[in-house]
Amino acid sequence: MSEKKVITDSGIIINRLYDKPVPMSEQPGKFPFTRGIHAAMYRDKLWTMRQYAGFSTAEESNKRYHYLLGQGVSGLSVAFDLPTQIGYDSDHTMADGEVGKVGVAIDSLEDMERLFAGIDLQEVSTSMTINATAFILLAFYIALAKKQGTDIKTISGTIQNDILKEYAARGTYIYPPAPSMRLITDIFEYCSNEVPKWNTISISGYHIREAGSNAVQELAFTLANGKAYLKAAIDKGLDINIFAQRLSFFFNAHNNLFEEVAKFRAARRMWAKITTDLGATDAKAQMLRFHTQTGGSTLTAPQPKNNIARVTIQALSAVLGGTQSLHTNGYDEALSLPTEEAATIALRTQQIVAFESGVTDTVDPLAGSYYVEALTNEVEAAAWKLIEKIDVMGGAVKAIEEHFMQDEIARSSYAYNKAIESNEKTIVGVNKFTSKDIGSTPLFKIDDSIRQEQSEKLRVLRGKRDNNKVKMCLETIKEKAATTDNLMPYVIDAVEHLCTLGEIADTLREVWGEYKG
């Protein structure tokens, strides 16, 4: 009888036994950083424990942030609603039905003040999941830090700011690729000089995976996008040894524990080679630092408490893979935004892994495992093949324009879902070990009146500000958008004079138009 062939979710064949030793020449904290970017890893310092939160109004989200800080999170992670992500104020007709639903509504500097009321920006690291309007949200944050009396050179955090994955996988883009890349490199340049502790981009594989890619595709497409950002910044005249130190990555963690660990380890090794090939000689510019979020698309609506176990496995993969920052999903997120109870359990999961599991006691605990070492090599080799195809096309932007990435993701998603529907792949509680008892899970719902509340705030704001100055600020942004000048100082000036997010985004729509895909 022939033995059943076992493969990973990315199609890599798994051997029954690994019996050949793998060379252990690579060391943690040294190029190419396969075993970790720090020599002692978590023995010296744990990862930053974040909980992704944002909903309704800034005031309501602020309450959740204070709660999470009180429960032991060491960094905030802000979710923005859809209108904020695509550059519409809450009173815009396109915002109807979406205000405050999948994140917090932020229309102005005043909203940002409400969001961080009672929180010293010098004392907290803030991650903001925002892309097309990242430059505006960063301007709000910088302006708020200045109002708090903080030296902006001391504030730390990350903006996602990864527009290429929006074209390939997620869809919350506004402008065409060329001006979008210009905004990103403007941020690189501005922050290198003025906000040196800020991570200027979080190159995101997370949403590529959520769209249906497998682990190898997530790795390859993310690094290909990262390579495009490097080249764009170099073409602008920036020094890779300086700006590359402030790039970070954002990966997904799924249920196949060992493949995920191999993906994270391979990512560091591959990025070290990519940066070196493009001229990086400083070790900090060669290091791949990353945040991880457990897999939202892996959460199931049936038997939702099973998701606690899934999230635990995924969190372990991120920690065993050497993440610098981690968000764990609430068990109820296949049904609604996480309740306070679900968010607390998710945070406690991280804390139990950190303080009770023992996996933080040694650097790269799986190093030397024949299986993990071999799988790391195989994941890397498969990812390089995809990157080589993208390079032949002319790089990530061309690959996206030719729909290569989108088509690859769609094929992978179809195959994965077909395997579930045919019971070839088991999802506990969904196609096996099901239960007739549906049970009930408390849901966290957002009231539709939020839009009215935000619209009233905008009415008051527009009535009290200096609208002549607002007009001048917006006209300046419009003029500078047609030049090669860095836009960030002008956007910061505009938000300080209470221009709204939608007004700034619309001004640039007039100059650059919208990308239709």
Side-chain angles (χ1 to χ4, degrees), residues 53-65 78-119 128-148 159 172 174-175 337 445-478 481 487 490-511 514:
F55 55 87
S56 183
T57 62
E59 292 89 342
E60 289 302 310
S61 291
N62 176 261
K63 292 176 186 176
R64 177 66 66 88
Y65 295 159
V78 184
F80 297 96
D81 73 356
L82 193 57
T84 302
Q85 292 181 49
I86 54 178
Y88 293 117
D89 288 333
S90 296
D91 59 356
H92 195 286
T93 54
M94 290 292 287
D96 191 20
E98 292 293 342
V99 177
K101 290 294 178 70
V102 298
V104 62
I106 299 294
D107 296 315
S108 69
L109 177 58
E110 289 191 347
D111 280 337
M112 192 64 101
E113 290 184 75
R114 298 177 186 111
L115 186 65
F116 289 100
I119 298 171
M128 295 189 282
T129 302
I130 195 78
N131 297 283
T133 54
F135 68 106
I136 305 174
L137 271 299
L138 177 58
F140 284 150
Y141 198 86
I142 290 170
L144 175 58
K146 289 164 70 175
K147 285 194 76 172
Q148 288 187 353
I159 42 172
T172 61
I174 302 175
Y175 313 113
L337 290 169
K445 294 185 178 179
I446 302 299
D447 197 301
D448 283 331
S449 65
I450 298 302
R451 183 170 188 245
Q452 295 175 335
E453 188 175 334
Q454 283 296 112
S455 297
E456 177 60 18
K457 289 176 184 173
L458 282 165
R459 186 190 67 78
V460 172
L461 175 83
R462 290 177 180 134
K464 70 180 182 182
R465 68 188 183 179
D466 184 340
N467 283 299
N468 286 328
K469 186 63 179 176
V470 165
K471 186 176 180 181
M472 289 172 59
C473 288
L474 295 175
E475 190 60 36
T476 299
I477 289 173
K478 188 174 182 179
L487 283 175
Y490 306 104
V491 175
I492 293 169
D493 184 54
V495 303
E496 288 178 329
H497 285 93
L498 300 181
C499 294
T500 69
L501 173 135
E503 289 166 344
I504 295 169
D506 280 346
T507 297
L508 292 175
R509 280 185 176 97
E510 291 178 29
V511 181
E514 289 187 304

Taking 4.0 angstrom as the limit, do [X] and [Y] come out as a salt bridge?
X      : Y      : result
Lys478 : Glu475 : no
Lys471 : Glu503 : no
Arg451 : Glu98  : no
Asp91  : Arg462 : yes

Under the side-chain contact (heavy atoms from CB on, under 4.5 Å) rule, collect the residues that match up with Ile86, sequence neighbours excluded. Leu82, Tyr88, Thr172
Atom [atom1] of [X] and atom [atom2] of [Y]: how far apart are they, to the nearest 0.5 Å?
X      : Y      : atom1 : atom2 : answer
Glu110 : Leu144 : CD    : CG    : 11.5 Å
Thr84  : Asp107 : OG1   : CG    : 6.0 Å
Ile504 : Cys499 : CD1   : SG    : 5.5 Å
Asn467 : Leu474 : CG    : CG    : 10.0 Å
Thr129 : Gln85  : OG1   : CD    : 8.0 Å

[X] vs [Y] side-chain heavy atoms within contact, under 4.5 Å:
X      : Y      : answer
Phe135 : Leu508 : yes
Ile492 : Lys146 : yes
Ile159 : Met128 : yes
Glu453 : Lys457 : yes

Which is it for Gln454 and Asp89 under the side-chain hydrogen bond (donor to acceptor under 3.5 Å, both in side chains) test, yes or no, and what are the steps along the way? CA-CA 9 Å; Gln454 283 296 112; Asp89 288 333; over 6 Å; no
Can you name the ring-ring contact (aromatic ring centres under 6.0 Å, His included) partners of Tyr175, sequence neighbours left out? Trp512
Run the ring-ring contact (aromatic ring centres under 6.0 Å, His included) test against His497 and tell me which residues pass, sequence neighbours left out. none
Would Val104 and Ser56 count as a side-chain contact (heavy atoms from CB on, under 4.5 Å) if you check the C-alpha gap in whole Å, the side-chain angles of each, and the deciding distance to 0.1 Å? CA-CA 5 Å; Val104 62; Ser56 183; over 6 Å; no
Heavy-atom pair with the smallest gap, counting every atom of Leu115 and Ile119: O-CD1, 4.5 Å
Just by distance, do the side chain of Arg465 and the backbone of Leu498 share a donor-acceptor pair under 3.5 Å? yes
Tell me, yes or no, whether the heavy-atom count around Glu59 atom CD, taken from other residues, nucleotides or ligands under 6.0 Å, exceeds 12. yes
